[in-house]
Amino acid sequence: MNKRRWLAHIVFRALVHRRGRTLLLLAVLTLASSLATALGLVSASMRARVAEETRKYGANLVVVPESARVEVGSGGLHFGAIGEPAYLSQEQFLTALAKSGVKGDYSFHLEGALTLKGVEIPCEGVDFAQVRRLSPWWQVDGDWPREGEVLGGGDLTPRHHVHPGDLFEFGGGKGVVRTRVSGVVTTGGDEDDTLFIDLKELQEQMGRPGQVSEVRLLADPGNGSLKDQAALLQRHLSGAVVKELRQVGRTSEDLLGKVQLLMLLVTAVVLVTAGSSVAGTMSTTVLERGKEIGLMKAMGGSRWDLLKIFSAEALLLGVGAGVGGFLLGVVIAKFVAHSVFAADAALRLEFLPVAVGVSMLLALAGSVGPLLSVFRLDPVQSLRGE
Amino acid sequence: MAAIIETSGLTRSYGDICALKPLDLCVPEGEWLTVMGHSGSGKSTLLNLLGGLDRPTGGSIQVRGTDLASLSEDGLARFRRDCVGIIFQQHHLIPYLTALENVMMSQYFHSVPDEAEARHALERVGLGHRLKNRPGELSGGEQQRVCIARAIINSPRLLLGDEPTGNLDHKSTTMVMELLRELRDEDRFSIVMVTHNQEVAAWGDRTIHMDDGCLVREERIKAC
Amino acid sequence: MTALKVIPQLLCWAVLVPVMSRSLTGMATAVTAAAGFVVGVAGENLLLAYVGGELPFRPLRGVCGVIFLLLWGASVWALYRRGSKGSDAEAVSSPGPLAAGLAASATGVLAGALTLCRLAPLDGGAVRLVPYLSLACAGAVLALAATFPARYLPERLAPRGIPLLALVVSALMVMACSVQRLDIFSPLSMEVMKFIHDFVHQFFESMLIPDHPFFRSDVWGYIGLLFSDKVGLWGGLALWYLPVLFIALALRLERLPSVAHIRQGAARRKLLASFIHERRLRLVAPLFALVLLTGAAYQSRFPATEYWDPKPVEVTATPAGQIVIPKKGEMDLEDGKLHKFSYSQGGRQARFFVMLTPAGQLVTTLDACAICQPEGYGQAGNAVICYYCKTLIPLETVGKPGGCNPVPVPCSVKGDAVVIDAMTLLNTWESTVQVTAHGKGMGK
Ligand SMILES: Nc1ncnc2c1ncn2[C@@H]1O[C@H](COP(=O)(O)OP(=O)(O)OP(=O)(O)O)[C@@H](O)[C@H]1O
Ligand SMILES: [Mg+2]
């Protein structure tokens with residue numbers, strides 16, 4: 001038999017002999033490495049996602065009436081809205097824009113709701129020409145609406161059987177709107193469950209002519225920093241708030257940062273605890289096996305031979321726990337991503353070496369003390385006496 | 001005949017306690033030496049020194065021409081694996097390995113494990129049918145025979161036994177001693193063995209008696 | 001600065017000589033190698049001084065290629081011999097003094113020449129006297145001093161025969177690959193790529209399959225993999241590593257000695273164990289050679305050429321919106337090097353450089369091109385390099401638009417100053433950068 005195979009064999013036998021302890025060590029190491037993996041996975045996929053969310057915005061400033069609803073989060077990271085609806089006058093905005101000297105493209109949005117066969121669906125009044133300019137990433141299946149037509153969100157199709165070209169009667173406003181759905185828009189964001197309707201039409205239906213609930217503005221960044229432009233515009237707009245749209249992204253980034261910090265702390269604590277528990281378990285094992293170690297030395301095993309056997313044991317545990325930890329970590333990451341971020345964490349194989357590395361390092365670090373005592377153990381002392 | 005062991009003024013003290021007073025001993029190649037003495041008279045101490053498990057505090061000890069005091073820690077390990085086989089009173093077998101694997105462990109430290117040879121060694125000590133049993137499943141006498149197989153597997157020139165029959169009944173003792181004699185006659189190694197038993201001592205060529213770390217008496221049983 | 005450039009080579013040299021002197025004939029080998037090194041340095045410098053051009057490099061590169069081929073041959077031979085005869089590892093006797101001396105001096109000459117090339121100025125001409133002399137001295141001293149550590153090198157670790165050859169060749173490859181003009185790894189991968197490309201074409205042609213219609217597009221995707229530049233790299237790496245791997249394999253597969261005649265089990269096992277141990281020790285040389293080869297390939301992939309890349313100087317515009325840079329102000333604009341400036345106004349900013357082309361014309365261009373990310377340019381000899389796509393652009397064409405050339409900005413020379421319109425500059429920059437930033441990830 002080959003020496004290396006023999007080493008693996010006896011290490012395996014020793015581990016099986018102390019089944020309980022081996023399982024305990026495996027569990028601890030698995031837990032630690034799975035947490036590390038989960039942390040890595042969640043941060044990596046969420047970072048990518050947040051970056052994408054932020055990039056998707058065409059507009060860089062948003063004007064909302066004061067005390068209007070504040071949306072927390074965005075897109076897939078949507079945390080709901082707070083406050084009562086409030087409105088802003090189109091006129092006021094346009095004059096403010098002219099006075100402030102801020103230049104840029106803008107689009108008006110009015111949020112409301114209409115009913116379709118008695119079911120309320122969120123809808124948004126927009127000027128389609130403006131929206132089309134400001135949101136070049138919208139993918140419309142069918143056509144952009146012409147006069148008197150509307151655009152449905154992608155999620156309305158399965159829910160309300162909205163297909164391009166269908167005729168519908170929407171109620172809930174002043175009267176019944178009979179209109180054709182010209183196309184279905186998919187963005188992967190909020191827009192997917194919204195019905196887009198002409199701004200004038202919705203204003204009329206809601207009885208709020210000339211009023212909107214949000215203005216998105218793509219200010220020219222060449223004219224100075226966004227912050228300055230927002231301040232400039234704000235000066236001329238009372239009763240409304242001008243915000244940089246990046247803030248929305250930043251909220252999710254902040255949240256992500258906090259979750260990451262929390263996970264980092266938990267992982268650090270777990271790593272330390274795991275390390276010390278490995279150290280404790282290993283040193284009892286070594287104490288218990290003192291006689292065996294002495295015997296091996298008496299048989300002619302050099303200190304290095306012994307060190308090799310015991311570190312092989314730690315490494316084997318580390319590798320096993322690392323693989324297990326990776327699998328568990330993927331599950332944890334999926335769970336966290338799903339329950340906290342309502343998103344999916346992609347499986348990344350590059351975290352496998354990370355998981356194995358973490359648990360191997362941990363196992364080795366925990367066994368440094370015990371290994372030293374193995375190194376120094378005096379065979380005569382350990383073999384003496386019962 | 002050339003000496004396998006030569007000590008001069010060999011001492012070993014633990015702090016104030018002098019476990020071994022200056023001792024001059026010469027063991028010729030192929031001799032079976034028995035060491036007797038009261039408990040605490042320094043027999044195990046002497047054996048550990050001879051086996052390179054311990055270092056003397058004074059004097060010199062030469063085994064097969066090498067001065068053990070001059071060897072490094074790793075050098076001593078190499079000496080142990082190449083030159084000596086040790087049998088213990090408490091057997092000291094590795095509990096989670098089978099009889100066969102226990103023998104192969106010794107081969108592993110010496111060079112490479114060789115299963116066929118280990119099996120043959122166990123057959124030689126009459127354990128051909130208990131290869132796959134753990135030490136816990138073997139009787140004391142059988143365990144001691146595994147221990148002997150393990151000690152002789154690397155063809156040492158010197159076999160050390162610290163009360164190898166201390167835990168055995170009369171019948172097993174005879175069996176083990178017969179086995180040892182048989183093996184020695186085949187392989188011509190030297191034996192240094194500690195015992196309290198007069199009967200066991202009678203198997204050897206020469207007996208030395210120790211008391212309080214000193215060699216007090218020597219008797220020759222057979223001419224060698 | 002110059003000294004830093006040759007440190008990897010000298011390190012290789014410092015490792016190589018002790019190993020060689022230990023494996024060959026000791027002190028004599030070291031002395032011969034030192035002499036060879038000095039001769040190599042001197043000879044190469046003479047060539048550089050009196051012949052110039054590409055000529056001093058061509059033959060050297062050829063020699064490097066030949067010794068690499070030699071290594072290939074040796075490795076195949078090692079594998080073959082192992083297969084045919086089995087173990088007679090002990091039969092590798094040390095070579096006679098003459099052969100040893102020859103090998104040492106040849107290695108020395110090559111090493112010296114290769115190391116000197118690293119110092120050769122980019123624009124031709126010989127190495128200046130001080131670096132030249134100090135390099136020769138350093139090489140000789142290192143070689144002679146190497147006899148001291150050589151004594152501590154365990155006999156068992158000293159490679160003999162083919163493994164030694166592997167070590168020497170790979171060390172020389174490291175030396176060669178750190179000089180771009182001597183690099184043989186990139187031509188190797190290039191050849192591999194070309195070969196695969198031609199082969200696939202020929203293959204389809206011979207099978208009378210007209211290229212596209214019969215394959216679904218995803219099949220073409222897989223075939224396309226054969227044409228990517230990764231194929232060249234991986235293929236090149238395979239050819240690069242294989243000889244040494246073969247040698248290691250030959251060593252590893254060396255048969256265990258026959259031990260049947262030894263009756264005593266312990267002695268038999270001891271012999272086997274010591275043989276296995278020795279065999280493992282002999283693997284050290286090829287493995288170290290692998291490390292060296294990796295270093296060489298890395299140097300070839302990411303060459304450590306330094307570019308002339310000054311920090312941009314902030315400039316301001318006159319009230320009339322003109323940027324005026326004097327020709328002979330703090331810096332001499334007409335020294336043939338590029339001079340970087342940056343200009344900012346409001347939130348807008350632009351980076352540009354001014355340089356004298358070989359045609360004697362002062363040109364102003366953006367520090368960015370129309371197709372790449374604006375990572376800027378550096379100058380190496382008579383070309384500027386785009387940091388993003390690593391294209392070398394000859395100085396003659398700087399100032400002309402198109403491709404990865406830096407985008408020209410109109411300027412005029414008034415008296416002893418260069419005058420640029422600030423607004424034009426900013427607008428050109430913004431339109432360029434907007435386009436290139438938009439096309440992010442689309443490649444060239
Ligand atoms: N590590 C130690 N520290 C202090 N004293 C020791 C140590 N080891 C042995 N001794 C002492 O050395 C003396 C000899 O011990 P040793 O073990 O050689 O006795 P022994 O002859 O083998 O006795 P027994 O027949 O009971 O095994 C005893 O007095 C013991 O107390
Ligand atoms: Mg005792």
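Residue numbering restarts at 1 for every chain, and letters A, B, ... go by the order of the sequence lines.
Within a 6.0 Å sphere centred on OH of C/Tyr298, heavy atoms belonging to other residues, nucleotides or ligands number 12 at most. The number of heavy-atom neighbours closer than 6.0 Å to CZ of C/Phe288, taken from other residues, nucleotides and ligands shown, is 12 or below. Heavy-atom neighbours of B/Arg78 CZ from other residues, nucleotides or ligands within 6.0 Å: at or below the threshold of 12. The local environment of CE in B/Met177 is crowded, with over 12 non-hydrogen atoms from other residues, nucleotides or ligands closer than 6.0 Å.
Residue B/Asp187: no heavy atom, backbone or side chain, is found under 4.5 Å from chain C.
Top candidate by heavy-atom pairs under 4.5 Å with chain C, chosen from B/Ser155, B/Ala116, B/Ala121, is B/Ser155.
The distance from atom NE2 of B/His110 to atom CZ of C/Arg269, rounded to the nearest 0.5 Å, is 6.0 Å.
Here the side chains of B/Val112 and C/Lys270 are not in contact, with every heavy-atom distance at 4.5 Å or above.
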